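Read through the structure below, which is laid out as structure tokens, and then see the notes.
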2 protein chains.
Amino acid sequence: MARTQGSHSDITGPRIRKAALKLFAQHGYAAVSMRQIAGEVGVQAGALYNYTPDKQSLLFGLMHAHMDELLSARAALPPVDGPLEELKQFVGFHIRFHLERPDEVFIAYMELRNLTPENFAMIEALRRTYEDDLEGILREGVAQGVFAVPDTKIATLAVIAMLNGVNTWYRSGGRLSLDEVETIYWDMVRKAVAR
Amino acid sequence: MARTQGSHSDITGPRIRKAALKLFAQHGYAAVSMRQIAGEVGVQAGALYNYTPDKQSLLFGLMHAHMDELLSARAALPPVDGPLEELKQFVGFHIRFHLERPDEVFIAYMELRNLTPENFAMIEALRRTYEDDLEGILREGVAQGVFAVPDTKIATLAVIAMLNGVNTWYRSGGRLSLDEVETIYWDMVRKAVAR
DNA sequence: GTTCTATTTGAACATATGTTCATATAACGT
DNA sequence: ACGTTATATGAACATATGTTCAAATAGAAC
């Protein structure tokens with residue numbers, strides 16, 4: 001056998017990325033073999049190399065796509081008025097965006113060390129852009145006197161770390177609705193940076 | 001050659017655990033081979049099996065020892081008066097304990113998925129004990145009316161996530177001293193749970 | 001100094017790894 | 001219908017993996 005019936009790069013390509021995403025998130029990049037990914041797709045390992053030059057690029061592609069989506073989704077938010085409203089919007093956006101993509105988020109935070117140095121630098125720069133965005137809000141709020149944080153850089157990282165924590169426990173259909181989670185976290189974030 | 005000069009289990013054992021800890025933290029459990037660990041110690045791979053039945057037990061042993069230390073160090077803290085003081089003590093303890101053991105902490109949070117189900121359950125139970133400790137403080141504070149959080153369980157996880165974030169950026173000798181870090185985080189935590 | 005035990009070597013085993021490539025078949029354009 | 005291109009197979013390659021074990025030497029006990 002060779003080319004199979006119904007085979008098409010528009011179909012196989014996404015399926016490979018999807019399978020890789022799922023398996024990387026589940027077992028970790030290093031613990032997943034190309035043959036496992038191929039098996040999940042229902043294809044031989046060799047076929048993967050029509051879609052990625054190597055395993056590393058497969059990982060990098062997933063992480064890069066995720067960060068791109070994050071930044072463009074954030075950029076597409078409607079403008080709101082004042083640091084307090086901006087922070088509230090950020091909290092809601094962050095929680096929802098990340099809860100919708102648990103596997104991508106997991107990989108983006110856990111597999112950084114498995115990137116080559118060049119690839120790591122690119123992903124890190126994108127993440128930094130996102131963080132700077134939040135820090136800008138906090139700084140503006142401090143300047144206007146509506147926030148009081150001893151150090152905006154640290155507060156930025158603290159808020160993001162706190163929000164990322166949601167992904168470790170939230171399960172849709174659980175005790176709390178998304179709206180409730182958003183409210184609870186907004187309450188804590190708001191108070192943490194309040195004057 | 002066979003047994004080497006100066007070889008002693010009291011020396012080799014700790015060196016193996018230390019090497020495994022460092023390498024697991026650096027590259028991840030799955031990405032590190034027994035030969036790499038042996039190489040770091042200056043020994044052949046076969047020698048490792050005098051100290052661990054297998055690779056999995058090596059990982060589990062490191063995580064288990066870490067959690068044990070965490071819980072006993074926490075239990076050894078002097079008693080303080082009232083939820084506010086208890087929370088402050090917890091924040092300071094958590095930050096310092098974790099900053100002193102970056103590799104152990106990293107592994108304990110990143111390699112959970114590489115544990116067998118039984119081992120995972122044991123580590124998870126220990127972590128749960130620690131979390132429950134903090135939740136007890138928050139609940140007591142809410143009962144006494146000194147804290148106001150919508151949900152003590154979530155607040156617990158949020159606080160711990162926030163505090164864990166310190167390990168991702170703090171470098172000793174950097175811009176901030178340990179005391180300053182402690183003060184900054186205590187300020188944010190205190191306000192986040194305040195009424 | 002001899003016996004006993006602790007510790008390490010080094011080779012071996014079976015299997016798994018990422019990647020390449022000649023070959024074959026399906027889909028597409030004319 | 002036919003030639004071209006796209007997509008897959010399946011075998012092969014060199015190397016790496018976790019683990020075992022007989023043999024060898026060092027340290028400890030007497």
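The shown structure was predicted, so the numbers you read here are calculated from the model rather than taken from an experiment. In what follows, chains carry the letters A, B, and so on, assigned in the order in which the sequence lines appear, proteins first and then strands, with residues in each chain numbered from 1.
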Exercise for review: Name the closest nucleotide to the A2(A) side chain, picking from dG18(D), dT9(C), dT25(C).
Suggested key: dT25(C)
Exercise for review: Measure up the H64(B) and F60(B) rings against each other and bin them: parallel (under 30°), tilted (30 to 60°), perpendicular (over 60°).
Suggested key: tilted
Review point. How about R113(B) and M110(A): do any of their side-chain heavy atoms sit closer than 4.5 Å?
Key: yes
Check your understanding: Are R127(A) and Y109(A) in a cation-pi contact, defined as NZ or CZ under 6.0 Å from the six-membered ring centre and within 45° of the axis?
Key -> yes
Practice item. Flag the pair R175(B) / D151(A) as yes when at least one side-chain heavy-atom distance between them is below 4.5 Å, and no otherwise. Key: yes
Review point. Which residues within residues 48-56 of chain A lie with some heavy atom under 4.0 Å of an atom in DNA chain C?
Key: Y49(A), D54(A), K55(A)
Exercise for review: Name the orientation class of the two ring planes belonging to H66(B) and F97(B) (parallel below 30°, tilted from 30 to 60°, perpendicular beyond 60°).
Suggested key: tilted
Revision key, fill the gap. Test side-chain contact (heavy atoms from CB on, under 4.5 Å), reference L21(B), set I16(B), D103(B), L59(B), output is D103(B)
Review point. Between G46(A) and A31(A), which is nearer to the 5' end of DNA chain C once each is assigned its nearest nucleotide?
Key: A31(A)
Point to revise | Phosphate OP1/OP2 of dA6(C): any S9(B) side-chain N/O under 4.0 Å | key: no
**Study point:** M34(A) CE to dA8(D) P, straight-line distance once rounded to whole Å
**Key:** 14 Å
Review point. Does the salt bridge (charged side-chain N to carboxylate O under 4.0 Å, His left out) test come out yes or no for R139(B) and E135(B), once each step is laid out?
Key: CA-CA 6 Å; R139(B) 251 208 293 262; E135(B) 195 185 355; 3.2 Å; yes
Check your understanding: Nearest-Å distance, CD1 (I16(A)) to C1' (dA6(D))?
Key -> 14 Å
Can you tabulate the close N/O pairs, meaning under 3.5 Å, that link protein atoms to atoms of nucleotides 26-30 of chain C?
| residue | atom | partner | partner atom | Å |
| --- | --- | --- | --- | --- |
| dA26(C) | N3 | R3(A) | NH1 | 3.4 |
| dA27(C) | OP1 | G6(A) | N | 2.6 |
| dC28(C) | OP1 | H8(A) | NE2 | 3.3 |

Review point. Under 4.0 angstrom, heavy atoms only, what part of the nucleic acid is V41(A) near: base, sugar-phosphate, or nothing?
Key: nothing
Review point. Under 4.0 Å between a side-chain N/O of T12(A) and OP1 or OP2 of dA8(D), yes or no?
Key: yes
Practice item. Could you say whether R35(A) or Q44(A) is positioned toward the 5' end of DNA chain D, judged by the nucleotide with the nearest heavy atom to each? Key: Q44(A)
Exercise for review: Output yes when at least one side-chain N/O atom of S33(A) is less than 4.0 Å from OP1 or OP2 of dA16(C), else no.
Suggested key: no
Review point. In whole angstrom, what separates N114(A)'s CG from dG18(C)'s P?
Key: 12 Å
Check your understanding: Given atom NE2 of H27(A) and atom P of dT17(C), what is their separation to the nearest angstrom?
Key -> 12 Å
Point to revise | K153(A), NZ: over 12 other non-hydrogen atoms inside 6.0 angstrom | key: yes
**Study point:** Side-chain donor-acceptor pair present, H98(A), Y170(A), cut-off under 3.5 Å
**Key:** no
